[in-house]
Amino acid sequence: MPEPVTSTIDVPGATLTYDVRGELSNRPVLLLIGSPMGASGFPTLASYLADRTIVTYDPRGVERSARSDGAGELSPDDHAADLITLIESLDVGPVDVFASSGGAVNALAVAAMRPDLINTLVAHEPPLAGILPDSEAALAACEDIYETYQRDGLGAGMAKFIAIVGFEGEIPADYTEQPAPDPAMFGLPTEDDGSRDDALLGQNLRGCTSYQPDFDALAKAKDQIVIAVGEESANQLAGRGGKAVAERLGLTPVVFPSNHGGFLGNEYGMPGKPEEFAAKLREVLTR
């Protein structure tokens with residue numbers, strides 16, 4: 001696999017950092033994106049797609065992509081504008097996109113705004129709590145996570161986030177009344193360090209989960225969209241979000257190996273099945 005070549009691009013309110021593996025003349029270029037996960041989450045998956053030219057990036061406010069617009073909350077439309085600028089700056093024509101989690105929400109926003117920039121989008125488990133049948137309870141749980149983070153800090157907020165990510169099935173109406181998980185159970189800090197700049201809990205959680213995609217626009221581009229769900233996580237919140245998008249668009253979700261992080265190697269100590277995942281992604285992109 002070629003070593004990544006790193007570049008930056010200025011956008012309103014931020015400087016985005018992105019990496020290119022391979023020659024941009026090898027088309028279609030494949031973007032691998034997450035949110036708030038940055039480029040550091042994709043080296044293993046990229047290694048199994050060595051014949052493709054791959055672009056990864058850090059979303060604004062994440063890792064190397066510094067914000068100059070403050071530390072307020074962001075919306076998928078903010079990220080979509082950044083992605084549109086990035087794709088246009090590559091000057092390679094329509095691109096293939098694998099987008100996971102919040103990245104899938106952002107990429108769906110791009111597909112609605114600028115379908116001409118996308119060849120095929122594989123949207124893997126977008127956590128669109130706002131379009132679920134249990135949206136009221138799901139969004140209340142997300143709001144509770146945000147408020148817990150603002151009140152008690154990273155450990156307490158992240159413990160609740162981890163708990164809801166793995167919750168199976170619909171979120172019950174009394175979910176937020178249940179006992180809070182112990183941060184120590186997940187190896188998280190139990191003391192509040194006073195910081196409130198976490199990219200996930202402080203900047204992206206509410207905007208991402210409450211986002212309402214433009215389904216009228218997406219319906220016009222649905223031949224370019226593949227909705228992916230994990231074989232182990234399809235009944236969890238993000239997987240259910242993916243299935244809800246597929247239902248709205250009249251698509252059949254494609255089942256991918258492993259779980260919500262199925263493409264990961266040991267980037268974060270929670271490996272999925274990246275080789276099998278890459279094979280499925282290759283199959284979807286070439287059929």
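Counting begins at 1 with the first residue of the sequence. Since the model is a prediction, treat every value here as computed from it, not as a measurement.
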**Q** Verify, without hydrogens or angle tests, whether Arg67 (side chain) and Gly72 (backbone) share a donor-acceptor contact under 3.5 angstrom.
**A**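 Yes, the answer is positive, given that a donor and an acceptor are paired below the 3.5 Å cut-off.
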**Q** Indicate whether any N or O donor in one side chain lies under 3.5 Å from an N or O acceptor in the other, for Ser258 and Glu276.
**A**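 Judged by distance alone, the side chains do not pair up.
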**Q** Please report the shortest heavy-atom distance between Val92 and Arg27, naming the atom on each side.
**A**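 Heavy atoms of Val92 and Arg27 come nearest at O-CD, 3.4 Å.
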**Q** Centres of the Phe161 and Tyr149 rings: under 6.0 Å?
**A**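 Phe161 vs Tyr149: aromatic centres not under 6.0 Å.
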**Q** Would you say the side-chain atoms of Arg196 pair up with the backbone N or O of Gln150, donor to acceptor, closer than 3.5 Å?
**A**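 Yes, because the side chain of Arg196 sits within donor-acceptor range (under 3.5 Å) of the backbone of Gln150.
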**Q** Would you say Tyr57 and Leu31 make side-chain contact, with heavy atoms under 4.5 Å?
**A**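 Not in contact.
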**Q** Just wondering, more than 12 heavy atoms not from Glu168 lying within 6.0 Å of its CD?
**A**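 For Glu168, atom CD is crowded (more than 12 foreign heavy atoms under 6.0 Å).
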**Q** May I have the step-by-step check of side chain to side chain contact (heavy atoms under 4.5 Å, CB included) for Leu218 and Lys222, ending in yes or no?
**A** CA-CA 6 Å; Leu218 289 173; Lys222 71 176 187 177; over 6 Å; no
**Q** Would Ile145 and Leu132 show up in the same hydrophobic cluster when neighbours are defined by side-chain heavy atoms closer than 4.5 Å?
**A**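 Yes, one cluster joins them.
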**Q** Would you say Lys243 and Ile227 make side-chain contact, with heavy atoms under 4.5 Å?
**A**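 Result no, sub-4.5 Å side-chain heavy-atom pair not found.
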**Q** Side chains of Tyr18 and Ser65: is there a donor and an acceptor less than 3.5 Å apart?
**A**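 Per modelled atom types, Tyr18 and Ser65 side chains form no pair under 3.5 Å.
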**Q** Rounded to the nearest 0.5 Å, what separation is found between the OG1 atom of Thr6 and the CG atom of Asp19?
**A**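 The OG1 atom of Thr6 sits 3.5 Å away from the CG atom of Asp19.
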**Q** Hey, could you give me the CD/OH distance between Gln203 and Tyr146, rounded to the nearest 0.5 Å?
**A**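 Separation between the atoms: 10.0 Å.
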**Q** Could you give the distance from CD (Gln236) to CG (Asn259), rounded to the nearest 0.5 Å?
**A**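 These two atoms lie 7.5 Å from each other.
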**Q** Answer whether the closest heavy-atom distance between the side chains of Arg282 and Asp51 falls below 4.5 Å.
**A**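 Arg282 vs Asp51: side chains touch.
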**Q** Which atoms form the tightest heavy-atom contact between Pro76 and Ala109, and what is the distance?
**A**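 Reported closest heavy-atom pair: O-CB, 4.2 Å.
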**Q** Does any part of the side chain of Thr44, heavy atoms only, come nearer than 4.5 Å to the side chain of Leu264, both counted from C-beta?
**A**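 No, side chains not in contact.
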**Q** Would the number of heavy atoms belonging to other residues, nucleotides or ligands and lying under 6.0 Å from CD of Glu88 be above 12?
**A**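 Count over threshold, so yes.
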**Q** Counting the benzene-type ring for Trp, do His79 and Tyr211 have ring centres under 6.0 Å apart?
**A**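 Here the rings of Tyr211 and His79 have centres that are no less than 6.0 Å from each other.
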**Q** For the residue pair Leu121 and Val110, establish whether any side-chain heavy-atom pair is separated by less than 4.5 Å.
**A**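 Sidechains of Val110 and Leu121: no contact.
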**Q** Do Val95 and Leu32 sit in the same hydrophobic cluster, where Ile, Leu, Val, Met, Phe, Trp and Tyr count as joined when their side-chain heavy atoms come under 4.5 Å apart?
**A**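 Val95 does not cluster with Leu32.
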**Q** So, do Thr56 and Pro4 sit near enough that their side-chain heavy atoms are less than 4.5 Å apart?
**A**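 The answer is no, as the side chains (C-beta and beyond) never meet within the 4.5 Å cut-off.
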**Q** What are the two closest heavy atoms between Gly155 and Leu188, and how far apart are they?
**A**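 Result for this residue pair: O-CD1, 3.7 Å.
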**Q** Are Ile54 and Val284 connected in the hydrophobic side-chain network, where two residues link if heavy atoms are under 4.5 Å apart?
**A**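 Ile54 clusters together with Val284.
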**Q** Please report the shortest heavy-atom distance between Met37 and Pro59, naming the atom on each side.
**A**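 Reported closest heavy-atom pair: O-CD, 3.7 Å.
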**Q** For Ser40, which of Glu63, Arg64, Glu267 qualifies under side-chain hydrogen bond (donor to acceptor under 3.5 Å, both in side chains)?
**A**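 Of Glu63, Arg64, Glu267, side-chain hydrogen bond (donor to acceptor under 3.5 Å, both in side chains) with Ser40 is met by Glu63 alone.
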**Q** Do Val229 and Val255 touch side chain to side chain, with heavy atoms closer than 4.5 Å?
**A**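 Sidechains of Val255 and Val229: in contact.
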**Q** Which pairs count as salt bridge (Lys or Arg N to Asp or Glu O under 4.0 Å) when at least one residue sits in residues 124-144, sequence neighbours excluded?
**A**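 Listed by first then second residue: Asp134-Arg240, Glu143-Arg206, Asp144-Lys160.
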**Q** Is a salt bridge present between Glu231 and Lys273, judged by a nitrogen-to-oxygen distance below 4.0 Å?
**A**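 Salt bridge between Glu231 and Lys273, a charged N being under 4.0 Å from a carboxylate O: yes.
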**Q** Are Ile87 and Val20 in one and the same hydrophobic cluster, where Ile, Leu, Val, Met, Phe, Trp and Tyr link if side-chain heavy atoms are under 4.5 Å apart?
**A**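 Linked within one cluster.
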**Q** Could you grab the distance from atom CG of Asp78 to atom CG of Asn106, nearest 0.5 Å is fine?
**A**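 Asp78 atom CG to Asn106 atom CG measures 9.0 Å (nearest 0.5 Å).
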**Q** Is it true that, when you exclude Gln178 itself, more than 12 heavy atoms of the residues, nucleotides or ligands shown sit nearer than 6.0 Å to its CD?
**A**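 For Gln178, atom CD is crowded (more than 12 foreign heavy atoms under 6.0 Å).
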**Q** Tell me every residue that passes side-chain contact (heavy atoms from CB on, under 4.5 Å) with Ala184, counting only those two or more places apart in sequence or in another chain.
**A**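 Ala184 satisfies side-chain contact (heavy atoms from CB on, under 4.5 Å) with Asp182, Thr190 only.
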**Q** Quick one: does Pro127's side chain get under 4.5 Å of Val105's, heavy atoms only?
**A**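 They are in contact (side-chain heavy atoms under 4.5 Å apart), so the answer is yes.
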**Q** State, to 0.1 Å, how close Ile84 and Arg114 come at their nearest heavy-atom pair, and which atoms those are.
**A**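 The answer is CD1-CG, 3.7 Å.
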**Q** Go through it in stages, so that I can follow the logic: the residues are Ser75 and Asp77, the test is side-chain hydrogen bond (donor to acceptor under 3.5 Å, both in side chains), and I'd like the CA-CA distance, side-chain angles, deciding distance and then a yes or no.
**A** CA-CA 5 Å; Ser75 75; Asp77 287 341; 4.8 Å; no
**Q** Going hydrophobic residue to hydrophobic residue with side-chain gaps under 4.5 angstrom, can you get from Tyr48 over to Val97?
**A**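 In one cluster with Tyr48: Val97, no.
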**Q** Rounded to the nearest 0.5 Å, what's the gap from CG on Leu86 to CG on Leu90? Could you check?
**A**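 Going from the CG atom of Leu86 to the CG atom of Leu90 covers 5.0 Å.
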**Q** Could you report the tightest heavy-atom contact between Thr209 and Leu139, atom names first, then the distance?
**A**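 Taking every non-hydrogen atom into account, O-CD2, 3.7 Å.
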**Q** Would you give the length of the straight line joining atom CZ of Phe256 to atom NE2 of His124, rounded to the nearest 0.5 angstrom?
**A**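 Those atoms lie 7.0 Å apart.
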